Trainee: 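Following this message is one structure expressed as structure tokens.
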Amino acid sequence: MSKIIRNNDKAIGESLMNRYNGFCDAINYFVIQLLMNPTHLLTFAVVARFKSITQAAEYLYLGQPAVSGQLKLLQNQIGEPLYFRKGYQIELTPAGQGLLEYAQQMTDTFNQASEYVRCLQQVNAGTLRLGSTTTIASFYLPQYLVLLQTSHAGVNVRMKTGDTDEIIRNLEDLDLGFIEGPVHDQELPGNYQVINWQEDEIVLVLPEDHQIARDYPEFVPLDVFMKYQVIWREPGSGARQAVEMWLASAGIQPKISIEVTGVSGIKEAVRAGLGIGFASSQALRNERQGLVAKRLNAPTGLIWQLKIIAPKKAIRSRATQAFLDLCL
């Protein structure tokens, strides 16, 4: 019985020792990972390229003792000789040759990262994520995007279009938002701000032979919204919100029976004879297919403010700031 107990004790002891040794190996591995300085690997790659500590030191603008010290630390951490002297040159050992492959990969990655940072600093790299209402995306932003590509050709642009409400909801995925509708401070994250951008005018969209066009050659009163079938934009549209606000202030409550999405939807519905509509004056500027724009609410018209929602200056990327500078 005592012999069996001793054998069991021995087995348990060996098992514990194996676990301890494995634990020590793991600790040693992680210590090496923590202690290995990436700078030492980069220096090692330069020394291997020149096969000379002296020339490597000159290339790196370091003293020769500093380079030698880095190589010694690296070699001590690895526990294998990495090089030996052959005359005035350095020759790598097999372990050194193996390590050089990884050191060279790190050097290439470091050089690529440095070039990327340089391009970022010159605003020739990176991605600019824009969110815009369809009207602004179609009739305002193209000229500024051309300027951006001309002056900062390396910047990629990703455009997401939607109504004002959609842009505000998705701000965290955007660098800049271009909107038409009203913005309330409580809707915005604390690190964003609203910048007043350009003024636009909302005009009435009519078939060119419509009775309103004949009756009102210059200005159209707001009460036409009560007398005629109106084609409305979708509820989240900034143009619709602005028109509803003006009508409410004038005590006018029109019936809403037809809704379409986007400026193109308004124009096609009006062209088809479904009713009258409204849109940005820019959207009708080059219209040549049977539609006419009429100013509403004499004599000032319905003027609205286009806005940019931007991160506060301290957290803007260089590409974001560069595009803002072009727009403002």
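Below, each value reflects all heavy atoms present in this structure, side chains not excepted, and no hydrogens, waters or symmetry copies. Please read all numbers here as calculations on a predicted model, not as lab measurements.
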Trainee: Ignoring hydrogens and geometry, is there a side-chain-to-backbone donor-acceptor pair from D163 to E166 under 3.5 Å?
Mentor: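 Yes, because the side chain of D163 sits within donor-acceptor range (under 3.5 Å) of the backbone of E166.
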Trainee: Given the rule that I, L, V, M, F, W and Y join up when any side-chain heavy atoms are under 4.5 Å apart, are Y102 and L74 in one cluster?
Mentor: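 Different hydrophobic clusters.
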Trainee: When you measure from the side chain of W197 to the backbone N and O of C327, does any donor-acceptor pair fall under 3.5 Å?
Mentor: yes
Trainee: Drop me the distance from Q75's CD to Q77's CD, to the nearest 0.5 angstrom.
Mentor: 11.0 Å
Trainee: Side chains of I179 and I136: closer than 4.5 Å at any heavy-atom pair?
Mentor: no
Trainee: Return each pair, listed once, that meets side-chain hydrogen bond (donor to acceptor under 3.5 Å, both in side chains) where at least one residue sits in residues 240-265; pairs must be two or more places apart or across chains.
Mentor: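 Matches after skipping sequence neighbours: Q229-S257, R240-E244, R240-E259.
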Trainee: Could you state the interatomic distance from CD (Q105) to CG (L41), rounded to the nearest 0.5 Å?
Mentor: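 Between Q105 CD and L41 CG, I get 11.0 Å after rounding to 0.5 Å.
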Trainee: Would you say the rings of H210 and Y228 are close, in the sense that their centroids are separated by under 6.0 Å?
Mentor: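 Yes, close enough.
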Trainee: Under 30°, 30 to 60°, or over 60°: which ring-plane class applies to Y59 and F50, parallel, tilted or perpendicular?
Mentor: tilted
Trainee: Mind checking whether W304 and F278 have ring centres under 6.0 Å apart?
Mentor: no
Trainee: Do L73 and N37 have side chains that get closer than 4.5 Å, going by heavy atoms?
Mentor: no
Trainee: Scan side-chain atoms only and decide if T133 and E180 contain a donor-acceptor pair under the 3.5 Å cut-off.
Mentor: yes
Trainee: Check the side chains of D175 and S317 for a donor-acceptor pair under 3.5 angstrom, ignoring hydrogens and angles.
Mentor: no
Trainee: Any chance you could measure L206, atom CG, to R271, atom CZ, to the nearest 0.5 Å?
Mentor: 12.5 Å
Trainee: If I take atom CG from residue L222 and atom CD1 from residue I252, how far apart are they, to the nearest 0.5 angstrom?
Mentor: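 Output value for this atom pair is 5.0 Å.
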Trainee: OG1/T127 to CZ/R158 distance, rounded to the nearest 0.5 angstrom?
Mentor: 5.0 Å
Trainee: Following the transitive rule for hydrophobic clusters with a side-chain heavy-atom cut-off under 4.5 Å over Ile, Leu, Val, Met, Phe, Trp and Tyr, establish whether I202 and M226 coincide in one cluster.
Mentor: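 Yes; M226 is reachable from I202 via cluster members.
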Trainee: Measure the acute angle between the ring planes of W232 and F225, then classify it against the limits of 30° and 60° as parallel, tilted or perpendicular.
Mentor: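 Because their plane-to-plane angle lies in the 30° to 60° range, the rings of W232 and F225 count as tilted.
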Trainee: Are I303 and L247 in one and the same hydrophobic cluster, where Ile, Leu, Val, Met, Phe, Trp and Tyr link if side-chain heavy atoms are under 4.5 Å apart?
Mentor: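 No: no chain of side-chain contacts under 4.5 Å links I303 to L247.
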Trainee: I'd like to know if E201 pairs up with R295 as an ion pair, taking the criterion as any Lys NZ or Arg NE/NH1/NH2 lying under 4.0 Å from an Asp or Glu carboxylate oxygen.
Mentor: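 Counted as a salt bridge, because a side-chain N and a carboxylate O are separated by less than 4.0 Å.
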Trainee: Under 6.0 Å from the CZ atom of R85, do we count more than 12 heavy atoms belonging to anything else shown?
Mentor: no
Trainee: Decide whether R285 and Q282 meet the rule of one side-chain donor and one side-chain acceptor closer than 3.5 Å.
Mentor: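 Yes.
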